[in-house]
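Take a look at the structure set out below.
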Amino acid sequence: MRGERGAWDRFVDGFTGVVQSAIRTLPGFGQVGRGEAADLAQDVFTALVAQDYRLLKQYDPARAAPATWLTIVARSIARDRMRRRQPIGVAIDDVPEEALSVPPVEPKEKVQIPPGMLSPRQELILALLYEKDMDPAEVAAALDIEAQTVRSQHHKALTKLRRYFAEIETTGGDAKPTAALSRFKRS
Amino acid sequence: MDRDQTAREQWHRYRSATAQTETVEPTAMMLAAYADRSLAPKDRAAVETWLARNPDRFDDILAARRAASERPRAAARSSWRDSASWGAAVCGLMLVAWMSFDLGQASVGGGVDNLADRDTAVIVAVLDEPGI
């Protein structure tokens, strides 16, 4: 590695805690041993200096604080590394029968949603409420809005979805966007 | 707030129908700017669209915000292990931050900015070394 050891050592010393905290809460981290955890943190620092510090050079202090950026980067790198790890092999005879069953394939939704029917904010609110199971107060805090705004955007979005799918049922099956359906524009 | 099963199913239908819509994963810098609430509105919409399709990644945003909010305390602790001059400087900065009456600052805004500057200086020092 080129460059004086001092600056890099200060960097590692100053941000090891940030990196470790960042990856500690990743899903699946609980199954990682202590040695592997240290390897993951090392992988993050290695990635930062790879190819002539290419990743580190991408940091722009005008856009975000160092700890914020480093947390995002560390979680991304560690997540990729954890995904690539070889899964522990289990003899097939040791796997319960029900675990081997293949769930029925859900038919892909054939409906074509008019572009912009829900705003990005409405989509995110619904995703956080229904997929992350966050409550309105948590969503409000996460998005820096009032809880009442979360509720009202939730209500507006669901009203659109309800009406749209009801109209789909009326027109039947593989409805494509029509003039009538295109009125479900974002509001 | 009513989150009944029908609403959940309709959201999943919507998700399934829009799953093929291409969204580009934001860069780490964009996600960090979003976490720090400094992203321009036009970029914010693109990030939120992507996050809505990848809601598990919102955990990264929350983790990054926690890291930034915990950083002043962590940095202040480590400053005591640095030289005495750094320790005195950090104490002075934190005292100024606590005594600040600028209501436009976040609760530890002034302190965070100065310590974020210090963190940035550490990164800059690495990149400014000869040969890099």
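So that the names make sense, note that chain A is the first sequence line, chain B the second, and so on, each numbered from 1.
Atoms CG and CG, on Leu26(A) and Asp56(B) in that order, are 11.0 Å from each other to the nearest 0.5 Å. Atom NE2 of His12(B) and atom CG of Leu126(A) lie 10.5 Å apart (nearest 0.5 Å). If you take CZ on Arg53(B) and CD on Glu131(A), they are separated by 11.0 Å, rounding to the nearest 0.5 Å. Here the CG-CG distance, from Asp4(B) to Leu158(A), works out to 8.0 Å after rounding to the nearest 0.5 Å. Separating the CZ atom in Arg63(A) from the CG atom in Leu31(B) is a distance of 10.0 Å, to the nearest 0.5 Å. Between the CZ atom of Arg13(B) and the CD1 atom of Ile113(A) there is a distance of 8.0 Å, given to the nearest 0.5 Å.
Note on Ile123(B), Val47(B), Thr27(B), Ile61(B): by heavy-atom pairs under 4.5 Å with chain A, the leading option is Ile123(B). The most heavy-atom pairs under 4.5 Å with chain B, out of His155(A), Gln58(A), Arg121(A), come from Arg121(A). In terms of heavy-atom pairs under 4.5 Å with chain B, the best-connected choice from Ala142(A), Pro27(A), Ala62(A) is Ala142(A).
Between Asp59(B) and Arg75(A) there is no salt bridge, since none of the side-chain N atoms of the basic residue sits less than 4.0 Å from a carboxylate O of the acidic one.
Partners of Arg44(B) according to the side chain to side chain donor-acceptor pair (under 3.5 Å) rule, which considers only residues two or more places apart in sequence or in another chain, do not exist here. Every residue two or more places apart in sequence or in another chain that forms a side-chain contact (heavy atoms from CB on, under 4.5 Å) with Thr120(B) is listed here: Tyr59(A), Pro61(A), Pro66(A), Val124(B).
Looking at Leu51(B), the atoms closer than 4.5 Å to chain A (heavy atoms on both sides) sit in the backbone and in the side chain alike. Of the atoms belonging to Thr25(A), it is side-chain heavy atoms, and not backbone ones, that fall under 4.5 Å from chain B.
Here the shortest heavy-atom pairing between Thr71(A) and Ala67(B) reads OG1-CB, 3.2 Å. Taking both residues in full, the closest heavy atoms of Arg37(B) and Ala141(A) are given as NH2-O, 4.2 Å, listed atom of the first, atom of the second, then distance. Here the shortest heavy-atom pairing between Ala65(A) and Asp36(B) reads N-OD2, 2.6 Å. In plain terms, the two heavy atoms of Arg79(A) and Asp60(B) that are nearest each other are NH2-OD1, 2.6 Å. Contact between Val73(A) and Ala28(B) at its shortest, heavy atoms only, is CG2-CB, 3.7 Å. Closest non-hydrogen pair, Ala7(B) versus Tyr130(A), comes out as CB-OH, 3.3 Å.
Side-chain atoms of Glu123(A) and Tyr14(B) form a donor-acceptor pair, as typed in the model, at a separation below 3.5 Å.
Heavy-atom contacts from other residues, nucleotides or ligands closer than 6.0 Å to CD of Glu146(A) number 12 or fewer.
A heavy-atom distance below 4.5 Å is found between the side chains of Phe58(B) and Leu143(A).
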